[in-house]
A.B. asks: 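The structure is given below, and queries will be raised subsequently.
Note that the structure is a prediction, hence the values are computed from the model and not measured.
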Amino acid sequence: MAAPLKLVVVSAGLGKPSSTRLLGDRLAEATRRSLDEREVAVEAHTIELRDLAVDIAHNLVTGFPPPGLRAAIDTVVSADALIVVSPIFSASYSGLFKSFFDVLDNTALIGKPVLIAATGGTARHSLALEHALRPLFAYLRATVVPTSVYVATDEWGAAAGEGVEGVGTRIARAGGELADLVAGSPPHPVTRPSSATDTVDEVVPFAEQLAALGRG
């Protein structure tokens, strides 16, 4: 039996629990479901950069990663696919997020499938995915999936409005695209909701989602 694929989530959320980690978990689950349809086994691992902030700073100053950071780097380098999620500050990814990828060798992500995602307080920051995160991973020569996922605070607990694509729909599509990259084409044509009422997830209040994450 083939070894399970290794899916790694890199979350730059600062809170605990955080909406950034929550989005990473949901994207990982969507990818796992899509791979299950292909009967492809997957193991998911999560790296929370907030726990490595001091190690990252030491590495930037000394050029040598402490053991915890070294283990995280090795996990990312050995991954079959990455999901990277950053909060958006001042219309770009966080400094902690950028600093982690700065300490990687610039050849570490060549050809690696990557799904980019972000969270923020307002929908006005959504373009940061395309003018900041996507160029970063293009520079690192990763293979970035077409669909990026941005979730503003007020989207977590609200149903999609008329003509608006729901958060669950975007997450499912992005996860499916990442699965396509690591395991081949989908087993059947991808169908999409015909209206906003057909979104894939039941609406769960944001506070409940964060509370569940904190218990995990």
A.B. asks: Between S78 and K6, does any side-chain donor sit less than 3.5 Å from a side-chain acceptor?
C.D. replies: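 The criterion, which ignores hydrogens and geometry beyond distance, is satisfied for K6 and S78.
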A.B. asks: Check whether S92 reaches the backbone of A132 with its side chain - one donor and one acceptor, N or O, closer than 3.5 Å.
C.D. replies: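 Not at all, since once roles are kept as given, no pair shorter than 3.5 Å links the two residues.
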A.B. asks: Short question: side chain of S18, backbone of L14 - any donor-acceptor pair under 3.5 Å?
C.D. replies: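 Flag not set: sc S18 to bb L14 has no pair under 3.5 Å.
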A.B. asks: Please answer whether the main-chain N or O of L5 pairs with a side-chain N or O of D80 as donor and acceptor at a distance below 3.5 Å.
C.D. replies: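 Absent.
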A.B. asks: Verify whether one side chain among S34 and R38 offers a donor that lies under 3.5 Å from an acceptor in the other.
C.D. replies: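 There is such a pair between these side chains.
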A.B. asks: Do E155 and R170 sit within salt-bridge range, that is, some charged N less than 4.0 Å from a carboxylate O?
C.D. replies: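 Salt bridge: yes.
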A.B. asks: Does R124 CZ have over 12 foreign heavy atoms under 6.0 Å away?
C.D. replies: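 No - once you tally the heavy atoms of other residues, nucleotides and ligands closer than 6.0 Å, there are 12 at most.
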A.B. asks: Report the C-alpha distance between R32 and D25 in whole Å, list the side-chain angles of each, state the deciding distance to 0.1 Å, and finish with yes or no for salt bridge (charged side-chain N to carboxylate O under 4.0 Å, His left out).
C.D. replies: CA-CA 10 Å; R32 186 197 61 76; D25 287 349; over 6 Å; no
A.B. asks: So, does E177 use its side chain to make a donor-acceptor pair with the main chain of T147 at under 3.5 Å?
C.D. replies: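 Answer holds: yes.
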A.B. asks: When you check the side-chain N and O atoms of E48 and S11, is any donor under 3.5 Å from an acceptor?
C.D. replies: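 No, no side-chain donor-acceptor contact under 3.5 Å.
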A.B. asks: What I want to find out is whether R26 reaches E29 closely enough, with some N-O distance under 4.0 Å, to be called a salt bridge.
C.D. replies: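 No, R26 and E29 are not salt-bridged.
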A.B. asks: What are the two closest non-hydrogen atoms of V85 and I83, and how far apart are they?
C.D. replies: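 Smallest heavy-atom distance, with atoms named: CG2-CG2, 4.0 Å.
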